[in-house]
> 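Let me begin by handing over the structure; questions about it come next.
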Amino acid sequence: NPNRAAAAIPAAAPPAAAAATDSNRNKGRKARIENPFFIRVCLQKKEKEDGIRKSQRLLLTWLIERPQLFEKIRGIITPEDFDDELYREAASMVFDEYEKTGSVNPAQILNHFIEGEEQYREVAALFHASLSESLNNEEQRRALSETVKKIKKHSLEVKGKTADIRELQEIIRQQSALAVLNITLD
């Protein structure tokens with residue numbers, strides 16, 4: 001019966017109903033944005049990103065202050081492990097200068113960023129990150145080791161998102177080695 005078939009097909013929603021549906025969608029977005037769980041997840045992601053950036057700044061500062069640390073992180077951390085473009089560029093300059101001269105001159109690196117005031121300020125901050133002076137040698141050693149692990153772990157996670165199976169196997173191998181890594185200041 002054609003009338004029965006027509007009755008089974010719902011009619012298109014009138015324009016007022018469509019507007020109400022859009023309004024409900026927007027309420028859903030607003031509810032999600034105001035949702036404490038959603039806010040907490042967003043803040044945790046931002047804190048993690050800020051934590052990685054802080055670790056990268058701290059490591060660059062240590063490398064400039066204590067060039068002997070390059071030998072301790074050789075083969076573990078490279079400029080490619082710095083995921084922020086500006087940090088990677090600064091790290092590349094720091095690593096290159098150390099390889100060429102055995103030391104690092106922050107002023108020479110800062111000169112490369114003199115054109116952009118914002119970049120200059122941020123790179124200058126990279127070279128002045130600090131860890132509390134009150135840390136004893138054991139705490140500093142642990143902080144260095146944890147900083148290196150944090151940077152490398154994050155780098156491997158980022159690489160793992162776009163890796164093929166062979167690359168994933170290498171990432172897993174590196175993660176296993178990272179679990180037992182212990183870097184000392186001595």
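If you read the sequence from its start, that first residue is 1, and numbering goes on from there.
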> Roughly how far apart are Glu157 CD and Ile52 CD1, rounded to 0.5 Å?
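The distance works out to 7.5 Å.
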
> Under 4.0 Å between a Lys/Arg side-chain N and an Asp/Glu carboxylate O for Glu146 and Lys150?
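Here Glu146 does not pair with Lys150 in a salt bridge, since their nearest N and O are not under 4.0 Å apart.
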
> What distance separates Lys149 NZ from Leu156 CG, expressed to the nearest 0.5 Å?
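Here the rounded value is 13.0 Å.
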
> With rounding to the nearest 0.5 Å, note down the distance linking CG in Leu178 to CZ in Arg173.
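CZ of Arg173 is found 11.0 Å from CG of Leu178.
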
> Taking all non-hydrogen atoms of both residues into account, name the closest pair between Asp83 and Arg88 and its distance.
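Heavy-atom minimum between the residues: O-NH2, 2.8 Å.
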
> Mind listing the closest non-hydrogen atom pair of Glu167 and Thr162 along with its distance?
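That closest heavy-atom pairing would be OE1-O, 4.2 Å.
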
> Would you give the length of the straight line joining atom CD of Glu80 to atom NZ of Lys159, rounded to the nearest 0.5 angstrom?
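Rounded to the nearest 0.5 Å, the CD-NZ separation comes to 7.0 Å.
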
> Within a 6.0 Å radius of atom NZ on Lys153, are there more than 12 heavy atoms belonging to other residues, nucleotides or ligands?
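Count not over threshold, so no.
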
> In a check of side-chain contact (heavy atoms from CB on, under 4.5 Å) between Ile77 and each of Ile183, Ile151, Leu63, which one passes?
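When Ile183, Ile151, Leu63 are each tested with Ile77, the side-chain contact (heavy atoms from CB on, under 4.5 Å) holds only for Ile151.
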
> Could you pull out the closest heavy-atom pair between Pro106 and Ile64, with the gap in Å?
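Reported closest heavy-atom pair: CG-CG2, 3.5 Å.
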
> Quick test of your reading of the model: are Arg74 and Glu99 salt-bridged, counting only N-O distances below 4.0 Å?
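Yes, Arg74 and Glu99 are salt-bridged.
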
> If you count heavy atoms of other groups shown closer than 6.0 angstrom to CD of Glu71, is the number above 12?
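Enclosed.
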
> Can you name the salt bridge (charged side-chain N to carboxylate O under 4.0 Å, His left out) partners of Asp84, sequence neighbours left out?
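Counting only residues at least two positions away or on another chain, Asp84 forms a salt bridge (charged side-chain N to carboxylate O under 4.0 Å, His left out) with Arg53.
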
> Report the relative orientation of the aromatic rings in Phe82 and Phe95; use parallel for angles under 30°, tilted for 30 to 60°, perpendicular for over 60°.
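Ring orientation of Phe82 relative to Phe95: perpendicular.
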
> Which distance, rounded to the nearest 0.5 Å, do you find between the CG of Leu60 and the CD of Gln56?
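Reported to 0.5 Å precision, the distance equals 7.5 Å.
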
> Cluster question for you: counting only ILVMFWY and a side-chain heavy-atom cut-off of under 4.5 Å, with indirect links fine, are Ile172 and Val158 together?
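No.
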
> Side chains of Leu59 and Leu144: does their closest heavy-atom pair fall under 4.5 Å?
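A side-chain contact exists here, since the closest heavy-atom pair is under 4.5 Å.
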
> Using a 3.5 Å distance criterion without hydrogens, assess whether the side chain of Gln119 forms a donor-acceptor pair with backbone atoms of Leu86.
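A pair under 3.5 Å: no.
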
> Which atom names give the shortest non-hydrogen contact between Arg166 and Asp164, and what distance separates them?
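For Arg166 and Asp164, the tightest heavy-atom pair comes out as N-OD1, 3.1 Å.
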
> Below 4.0 angstrom, N of the basic side chain to O of the carboxylate: do Lys100 and Glu97 qualify?
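Salt bridge between Lys100 and Glu97, a charged N being under 4.0 Å from a carboxylate O: no.
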
> For Gly102 and Pro67, which heavy atoms make the closest approach, and how far apart are they?
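Reported closest heavy-atom pair: O-CB, 4.1 Å.
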
> Measure across Asp81 and Ser155 and return the closest heavy-atom pair with its distance rounded to 0.1 Å.
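Scanning both residues completely, I find the closest heavy atoms to be OD1-OG, 2.6 Å.
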
> A side-chain contact here means heavy atoms from C-beta on lying under 4.5 Å apart; do Met93 and Phe113 qualify?
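In contact.
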
> To the nearest 0.5 angstrom, please state how far the OG atom of Ser176 sits from the CG atom of Leu181.
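Taking OG in Ser176 and CG in Leu181, the distance rounds to 12.5 Å.
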
